[in-house]
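For clarity, every value in this text was computed on a predicted model and none was experimentally measured. The basis for the numbers below is simple: all heavy atoms, side chains too, and nothing from hydrogens, waters or symmetry mates.
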Amino acid sequence: MSSAPFTLNNWWNSQDIHKGPPDRSLYTRCLGHPPRSRSSGILLLPITCSRLPPRSQSSTAKAYGSYKELVADPNIDIIYVATPHSHHYQNARLCLEAGKHVLCEKAFTVNAEQAKILINIAREKTLFLMEAVWTRFFPIAKEVREVVKSGKIGEVKRVFADLSFSNDVENEFGTSHRMVNLDLAGGALLDLGIYSLTWLFQILYHIVPESQRGPPIVASAITKYVATGCDEMTSIILTFPPNGAHGIATTNIRVSHDPNPTHPSPAPIRIQASDVKRRTPGNFEYQTITHEIPGGGHGMFWEADECGRCIRDGKLESEGMGWEESVAIMRVMDEVRRQGDLKYPECLESVEFPLDGF
């Protein structure tokens with residue numbers, strides 16, 4: 001193989017005006033770090049964006065009048081869909097139907113049925129498609145999976161994972177912010193809870209031999225935000241085959257996992273296994289491992305590198321975040337919503353395409 005990096009041209013950052021206040025140049029800045037900074041053989045060229053900078057700033061960015069105009073551009077190889085959850089299915093399908101590879105933000109879609117349709121289209125058109133769960137591609141996440149898979153800590157019995165933020169919900173979000181707006185599939189579950197579920201699935205599903213995997217049994221509870229009806233607090237207990245291990249995932253937009261930094265709470269992610277006894281860290285060397293994110297980036301380039309590698313190698317899906325697992329997680333969230341009577345507008349749950357307004 002040539003030593004020259006594989007170049008993936010024109011990575012489109014399709015973040016939408018509904019995305020909210022985060023810096024829309026974040027992903028582009030991350031992708032701009034040279035591949036040598038992280039031992040990557042992939043060169044990513046994020047030379048287009050959904051919004052042009054002020055005229056006073058020079059830029060190579062290109063703007064489009066519509067997403068249809070965007071997907072018709074033959075110079076674009078892959079599109080990163082970062083619109084609100086409500087729009088993922090329609091926007092990602094538009095890209096796939098136009099023959100573009102797609103990296104689609106988590107949660108993949110609003111429901112599992114939509115995810116399966118996107119996957120079928122990608123398969124039929126031989127296009128790469130991946131759910132963008134960026135933390136799965138961090139080196140530390142890979143190391144954790146490898147340690148657990150090696151059996152060093154024994155058989156995993158429980159995994160606790162929480163991602164919660166402390167917000168003054170009424171004053172910060174009101175009723176229109178994407179975090180609480182049901183018209184944008186807002187709420188804790190799809191935005192934050194997916195991260196908690198990701199850790200459960202990495203340990204109790206992803207690294208389990210395929211022949212022993214199976215859908216977990218779901219028990220859950222939801223507390224709704226009165227002003228809009230979205231979920232502001234969701235707690236999930238999953239029972240996984242083959243050994244009945246429990247995964248406990250929690251998420252909240254009102255109470256943080258670490259509400260008082262001066263008196264830190266326990267780690268928000270814990271993996272408990274049979275060889276870790278009371279007061280004993282197990283019969284292995286105790287280590288604290290720290291990874292620096294190269295180049296002052298935010299780590300988003302690791303999942304982007306994975307997209308580039310897969311496309312270079314002719315793969316339609318990533319082994320790190322495969323289609324089947326994305327659907328399995330979506331099914332869990334579907335069941336959590338069913339148990340909590342959490343429903344989004346009918347048009348968001350629909351698999352019809354195209355729909356007006358997207």
Side-chain angles (χ1 to χ4, degrees), residues 6-16 27 31 41-50 62 64-134 136-137 210 303-331 334 347-358:
F6 172 76
T7 301
L8 193 61
N9 290 304
N10 295 352
W11 189 289
W12 173 266
N13 183 353
S14 67
Q15 287 178 312
D16 190 88
Y27 213 115
L31 300 195
I42 308 298
L43 180 60
L44 302 159
L45 300 179
I47 65 171
T48 59
C49 67
S50 58
K62 181 178 180 180
Y64 297 85
S66 69
Y67 287 165
K68 288 183 179 179
E69 183 182 340
L70 156 69
V71 301
D73 188 335
N75 296 313
I76 293 177
D77 297 322
I78 181 169
I79 296 176
Y80 166 53
V81 175
T83 48
H85 317 299
S86 52
H87 289 51
H88 286 183
Y89 173 71
Q90 294 289 328
N91 295 163
R93 184 164 177 178
L94 177 68
C95 300
L96 291 169
E97 297 283 9
K100 304 301 184 185
H101 304 294
V102 172
L103 173 65
C104 183
E105 257 303 329
K106 54 78 197 159
F108 204 15
T109 49
V110 166
N111 57 50
E113 193 61 31
Q114 292 179 345
K116 289 192 293 183
I117 290 174
L118 294 183
I119 289 166
N120 287 337
I121 294 171
R123 184 184 289 114
E124 291 168 4
K125 290 180 172 288
T126 62
L127 293 168
F128 175 78
L129 171 67
M130 188 177 83
E131 182 179 11
V133 187
W134 64 313
R136 290 182 78 114
F137 299 95
E210 192 170 347
E303 70 174 357
D305 288 342
E306 175 69 2
C307 294
R309 281 190 294 268
C310 288
I311 293 170
R312 178 195 64 192
D313 298 341
K315 296 180 179 179
L316 304 187
E317 60 180 309
S318 165
E319 294 176 5
M321 186 70 256
W323 293 344
E324 186 271 338
E325 189 168 348
S326 285
V327 171
I329 294 173
M330 288 305 310
R331 283 178 173 150
D334 285 352
C347 64
L348 304 191
E349 302 272 8
S350 173
V351 296
E352 290 186 36
F353 175 85
L355 288 178
D356 292 336
F358 291 88

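In terms of heavy atoms, L96 sits closest to A122 at CD2-CB, 4.3 Å. Residues V327 and A112 share a closest heavy-atom pair of O-CB, 4.2 Å. What you find for A115 and M330 is that their closest heavy atoms are CB-CG, 4.3 Å. Heavy-atom minimum distance, C95 versus V102: CB-CG2, 3.5 Å. The nearest pair of heavy atoms linking S318 to G320 is OG-N, 2.9 Å.
One finds the CG atom of N111 at 11.0 Å from the CZ atom of R331 (value rounded to the nearest 0.5 Å). In this structure, I119 CD1 and E324 CD are separated by 9.0 Å, a value rounded to the nearest 0.5 Å. Atoms SG and CG, on C347 and L355 in that order, are 7.0 Å from each other to the nearest 0.5 Å. For the atom pair OG (S326) and CE (M130), the distance works out to 8.5 Å, reported to the nearest 0.5 Å. Summarising the geometry, atom CG belonging to D334 is positioned 7.5 Å from atom CD belonging to E349; distances are rounded to the nearest 0.5 Å. Rounded to the nearest 0.5 angstrom, F128 CZ and D77 CG are separated by 13.0 Å.
In terms of modelled atom types and a separation under 3.5 Å, the side chain of D73 and the main chain of N75 share a donor-acceptor contact. Remark: side-chain polar atoms of H88 are not paired, donor with acceptor, to backbone N or O of K106 under 3.5 angstrom. A side-chain donor-acceptor contact under 3.5 Å links E303 to the backbone of W134.
T126 is linked by a side chain to side chain contact (heavy atoms under 4.5 Å, CB included) to L316, counting only residues two or more places apart in sequence or in another chain. In this structure, the side chain to side chain contact (heavy atoms under 4.5 Å, CB included) partners of E317, at least two apart in sequence or on a different chain, are W323. With sequence neighbours excluded, the residues satisfying side chain to side chain contact (heavy atoms under 4.5 Å, CB included) with S86 are P84, L184, A185, L348. Every residue meeting the side chain to side chain contact (heavy atoms under 4.5 Å, CB included) condition with E210, not counting sequence neighbours, appears here in chain and number order: R213. Every residue two or more places apart in sequence or in another chain was checked for a ring-ring contact (aromatic ring centres under 6.0 Å, His included) with F137, and none qualifies.
Using a 4.0 Å cut-off between charged nitrogen and carboxylate oxygen, E325 and R136 count as a salt-bridge pair.
Counting non-hydrogen atoms of other residues, nucleotides and ligands closer than 6.0 Å to CD of E69 gives a total above 12.
Screening residues 109-129 for salt bridge (Lys or Arg N to Asp or Glu O under 4.0 Å), with sequence neighbours left out, gives E113-K116.
In this structure, the side chains of L94 and K68 come closer than 4.5 Å at one or more pairs of heavy atoms. In this structure the side chain of E97 reaches within 4.5 angstrom of the side chain of I121, judged on heavy atoms. No side-chain heavy atom of F108 sits less than 4.5 Å from a side-chain heavy atom of I329. Contact check for V110 versus Y89: no side-chain heavy atoms found under the 4.5 Å cut-off. Using a 4.5 Å cut-off on side-chain heavy atoms (C-beta onward), K100 and L127 make no contact. Side-chain contact check for I79 versus L70: some heavy-atom pair is nearer than 4.5 Å. In this structure, H87 and Q90 have side chains that are not in contact, with every pair of non-hydrogen atoms separated by 4.5 Å or more.
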**Request:** Check the pair L118 / R93 against side-chain contact (heavy atoms from CB on, under 4.5 Å), numbers first and verdict last.
**Result:** CA-CA 6 Å; L118 294 183; R93 184 164 177 178; 3.6 Å; yes

